[in-house]
Amino acid sequence: MTQDELKAAVADAAIKEIEPWLEKDTVLGIGTGSTANLFIDRLGKFAGRFKGAVASSDASAKRLKDVGIDVLELNSSGTLPFYVDGADEVNAHLQMIKGGGAALTREKIVAACAERFICIADGSKYVAQLGHFPLPIEVIPMARSYVARELVKLGAEPIYREGVVTDNGNQIIDCYDFMINDPKAMEATLNSIVGVVTNGLFAARGADVLLLGREDGVERTA
Ligand code: 5RP
């Protein structure tokens, strides 16, 4: 199977997972990226059966609208029953690196508001240790060089993702050569650097369910 076929398989599996909960008052949290897009495309079939969705990016909001799903404000949506999103890396503890698409801050906010985070990923995203994928950090633009110097002290090789402006008007630094031994501790350490808006470690709030696309089918871990 191709990577796209594996992504499609986990998007189908996520639809099966949430379908019984789609009622007139249901508001879903929706992630960002190519796997989340496949989920959105399938969710369109159920537009009208549930209230709507909160999007983690402008791109996902547009795609949701395009398939006929109402996009709602998070501030008036309360606690969401589900947040469905992809990942750049995920480990056995369902901790993740996210933010390859620069949407990490809104992703973390919407995930925080959800009762259950369903991570959908093809098998290539599964790792024994987080950090092969460069860890994204969203920074306030004027703090970029300061944050980069602090990241070097932590052992990372920070590279500015040139030309990328997040939906929040900020910039992204990617941390290369940065294997992460203790994801929860590192998430907290990175958050304490002045000028960091969000880091791409989703460890304090990891996923509750992982739907992983393997050659022999979708593996479910909860
Ligand atoms: C975007 C993300 C995505 O979830 C992550 O990059 C995975 O993307 P894809 O499904 O395209 O592999 O965190 O900021």
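Values below: every heavy atom of this structure, side chains too, minus hydrogens, waters and symmetry copies. Start at 1 and go down the list; that is how both ligands and their atoms are numbered.
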How about T2 and D4: does a side-chain donor come under 3.5 Å of a side-chain acceptor? no
Numbering the atoms of ligand 1 from 1, which are under 4.0 Å from a heavy atom of [X]?
{"X": "K98", "value": "2 (C), 3 (C), 4 (O), 13 (O)"}
{"X": "T32", "value": "1 (C), 2 (C), 3 (C), 4 (O)"}
{"X": "A102", "value": "14 (O)"}
{"X": "K125", "value": "9 (P), 12 (O)"}
{"X": "K7", "value": "12 (O)"}

Nearest non-hydrogen atom to [atom] belongs to which of [options]?
{"atom": "atom 8 (O) of ligand 1", "options": "G33, S124, A59", "result": "G33"}
{"atom": "atom 10 (O) of ligand 1", "options": "T166, T35, V10", "result": "T35"}
{"atom": "atom 5 (C) of ligand 1", "options": "D122, D88, T105", "result": "D88"}

Within reach of ligand 1, part of S57 (heavy-atom separation under 4.0 Å): neither
Kindly give the heavy-atom pair with the smallest separation between [X] and [Y], and that separation in Å.
{"X": "D88", "Y": "G99", "result": "OD2-N, 3.2 Å"}
{"X": "L94", "Y": "M96", "result": "O-CE, 3.8 Å"}
{"X": "K7", "Y": "S34", "result": "NZ-OG, 2.8 Å"}
{"X": "A13", "Y": "L211", "result": "C-CD1, 3.8 Å"}

Contact check: A103 vs ligand 1, nitrogen or oxygen atoms, below 3.5 angstrom: yes
Starting at CG of L201, measure out to CD1 of I180 and round the result to the nearest 0.5 Å.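 Reported value, rounded in 0.5 Å steps: 4.5 Å.
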If we only consider heavy atoms of G99, is any one of them less than 4.0 Å away from an atom in ligand 1? yes
E89 side-chain N/O to F133 backbone N/O, donor-acceptor pair under 3.5 Å: yes
